[in-house]
Amino acid sequence: MNQVELLSDRVAAVQLDRRRNRELQRRERIFDDKVRTIGVDKDALDHQVEELRDKDQRQANAFQIYAEELLCSDRVACVLEQRQKKDERLLNEAIVQFRQHFQQPASRREFDLNDPERLKKQEGVRILPGLTGEDLAQRDRLRKQQEQLRAWTLQQQDELERAKQQLQQEMNQYDQSRLALDSRALELQKMEEQSKKAAAIATKDFNLALAAEITNRRQQEQHEEEENNQTDILNQLNGDLLMENPEQNISVLGQSRLRRDYYKGMSAKELQQYTQYQQQQAEARKRAVMEQREKELQEHHERMTSARAALLLERQHARINKELRRAMDNTNTLLAQARDAQKKHLQDMYTNIPDERYFSQFNTSSR
């Protein structure tokens with residue numbers, strides 16, 4: 001008979017495995033003395049340790065890459081240095097080959113004076129025995145040298161003459177340009193002086209006009225101020241303040257309000273009303289003092305009554321507490337005697353000492 005696995009059985013098995021795993025993890029956490037007593041989050045610490053290891057590994061990798069780049073740079077520098085040395089060597093060899101091919105001593109201008117085989121190359125000249133080294137072309141050579149020296153001297157004189165002429169021409173041009181600049185500077189200076197004079201004249205005229213305008217304005221303001229002062233004096237003389245108009249005391253806010261700046265004192269009627277009002281206030285104050293005194297006497301009587309009742313209640317509580325304490329002492333004595341008797345009975349009854357098997361039956365589960 002084939003066994004059919006139902007979906008509910010599979011779900012129940014999965015849930016059972018999950019509970020077993022949670023129970024194992026919980027037992028590991030509970031029975032681990034370090035985690036239970038200190039309360040260390042081991043997962044967080046492991047994660048931090050792993051992060052530190054990753055950081056150290058990244059730093060080591062970065063240092064390794066940097067060292068490899070340094071080695072590569074050193075290799076490139078060595079290759080470039082060798083290439084430079086090789087290029088210099090090839091350049092020197094090329095220079096030497098060029099000199100050997102195109103700069104022979106025979107191609108020099110003065111080689112005929114230092115040619116060791118010059119006499120051998122002369123045709124038709126025979127050297128007598130015993131006169132080796134005699135210079136037969138000395139006169140021609142000296143003449144040619146003198147002619148060449150004369151030509152060089154004339155050339156130098158022509159060059160010096162041309163240089164003097166060019167210098168003289170440059171000096172003349174410099175003098176002409178300096179004169180032109182001086183004349184231009186004089187013209188600009190004259191124009192600047194004329195402009196300064198015109199600006200000074202315009203400023204002077206403007207200042208004179210401004211001074212005249214300020215003077216006229218001050219005179220006009222002074223005249224207006226004098227007229228205003230005279231008008232103000234007349235207004236003050238004919239005003240309500242000096243004329244003591246009683247209607248000026250009334251404020252715009254109502255008949256019951258008075259203006260402080262125009263107040264000249266109370267009238268006889270107002271003084272009589274004020275005296276009556278003060279007498280009424282004095283009588284009301286006396287009545288309030290009498291009522292307050294009666295109220296204080298009543299409150300004092302009530303406080304004394306309350307204090308007497310509180311004292312009696314406190315004495316009654318003290319008697320009750322004393323009786324309760326005496327009853328509690330008797331009860332504690334009876335309890336102590338019963339506990340001593342029970343302890344003696346247990347000592348006589350239980351004489352076996354528990355061994356390791358007794359303690360091994362505990363802490364077998366995390367629940």
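- Under a 4.0 Å N-O distance rule, the pair Glu192/Lys196 qualifies as a salt bridge.
- Counting heavy atoms from C-beta on, the side chains of Glu294 and Gln298 never come closer than 4.5 Å.
- A 4.5 Å side-chain heavy-atom check between Leu154 and Gln157 finds at least one atom pair inside the cut-off.
- Clustering of Ile, Leu, Val, Met, Phe, Trp and Tyr side chains at separations under 4.5 Å places Leu80 together with Val76.
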Would you list the atom pairs, donor with acceptor, under 3.5 Å between side chains in residues 215-222 and any protein atom, with sequence neighbours excluded?
from   : atom 1 : to     : atom 2 : distance (Å)
Thr215 : OG1    : Ala211 : O      : 2.7
Asn216 : ND2    : Ala212 : O      : 3.1
Arg217 : NH2    : Glu213 : OE2    : 3.2

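- Grouping Ile, Leu, Val, Met, Phe, Trp and Tyr by side-chain contacts under 4.5 Å, direct or through others, puts Ile95 with Leu91.
- Residues Gln169 and Gln173 are in side-chain contact: their nearest non-hydrogen atoms beyond the backbone lie under 4.5 Å apart.
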Run the side-chain donor-acceptor check on residues 300-307: report pairs under 3.5 Å with partners two or more places apart or on a different chain.
from   : atom 1 : to     : atom 2 : distance (Å)
Thr305 : OG1    : His301 : O      : 2.9
Ser306 : OG     : Glu302 : O      : 3.0

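- Gln316 has its side chain within reach of Ile320: a pair of non-hydrogen atoms, C-beta onward, lies under 4.5 Å apart.
- In this view, Glu227 satisfies the salt bridge (charged side-chain N to carboxylate O under 4.0 Å, His left out) rule with no residue, not counting sequence neighbours.
- The CD atom of Glu224 lies 12.0 Å from the CG atom of Asn229; values are rounded to the nearest 0.5 Å.
- Note on residues 307-324: no pairs pass salt bridge (charged side-chain N to carboxylate O under 4.0 Å, His left out), not counting sequence neighbours.
- At least one donor-acceptor pair under 3.5 Å links the side chain of Asn172 to the backbone N or O of Gln168.
- Here Asn228 contributes atom CG and Ile233 contributes atom CD1; the two are 11.0 Å apart, rounded to the nearest 0.5 Å.
- For CD of Gln272, the number of neighbouring non-hydrogen atoms (other residues, nucleotides, ligands) closer than 6.0 Å is 12 at most.
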Quick one, Gln82 with Lys86, criterion side chain to side chain contact (heavy atoms under 4.5 Å, CB included). Give me CA distance, side-chain angles, the key distance, then yes/no. CA-CA 6 Å; Gln82 292 177 1; Lys86 183 178 179 181; over 6 Å; no

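- Proximity of Gln189 to Leu186: side-chain heavy atoms (C-beta onward) are separated by under 4.5 Å at one or more points.
- Taken from OG1 in Thr231 to CD in Glu226, the straight-line distance is 11.5 Å, to the nearest 0.5 Å.
- Here salt bridge (charged side-chain N to carboxylate O under 4.0 Å, His left out) pairs that include residues 178-191, with residues two or more places apart or in two chains, are Asp175-Arg178, Arg184-Glu187.
- Every residue two or more places apart in sequence or in another chain that forms a salt bridge (charged side-chain N to carboxylate O under 4.0 Å, His left out) with Arg89 is listed here: Glu93.
- Taking CG of Leu90 as the start and CZ of Arg83 as the end, the distance is 12.0 Å to the nearest 0.5 Å.
- Alongside Leu167, the hydrophobic cluster contains Met171 (criterion: ILVMFWY side chains under 4.5 Å).
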For the pair Gln97 and His101, evaluate side-chain hydrogen bond (donor to acceptor under 3.5 Å, both in side chains) and give the outcome as yes or no after the intermediate values. CA-CA 6 Å; Gln97 291 179 3; His101 289 85; 5.7 Å; no

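- Under the salt bridge (charged side-chain N to carboxylate O under 4.0 Å, His left out) criterion, no residue pair touches residues 155-173, with sequence neighbours excluded.
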Check the pair Asn330, Leu334 against side chain to side chain contact (heavy atoms under 4.5 Å, CB included), reporting the backbone distance first and the verdict last. CA-CA 6 Å; Asn330 296 328; Leu334 295 175; 5.6 Å; no

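- Under the salt bridge (charged side-chain N to carboxylate O under 4.0 Å, His left out) criterion, the residue pairs touching residues 72-82 are Glu81-Lys85, with sequence neighbours excluded.
- Rounding to the nearest 0.5 Å places CG of Leu181 at 9.0 Å from OH of Tyr174.
- Annotation: side chain of Gln145 is in contact with side chain of Leu142 (closest heavy-atom distance under 4.5 Å).
- For the 3.5 Å distance criterion, the side chains of Asn61 and Gln57 qualify, holding a donor opposite an acceptor.
- Every residue meeting the salt bridge (charged side-chain N to carboxylate O under 4.0 Å, His left out) condition with Glu147, not counting sequence neighbours, appears here in chain and number order: Arg143.
- A distance of 12.0 Å separates CG of Leu16 from CG of Asp9, quoted to the nearest 0.5 Å.
- With no hydrogens or angles considered, no side-chain donor-acceptor pair links Gln273 and Tyr277 at under 3.5 Å.
- Two residues are said to be in side-chain contact when any heavy atoms from C-beta on lie closer than 4.5 Å; Glu283 and Lys286 fail this criterion.
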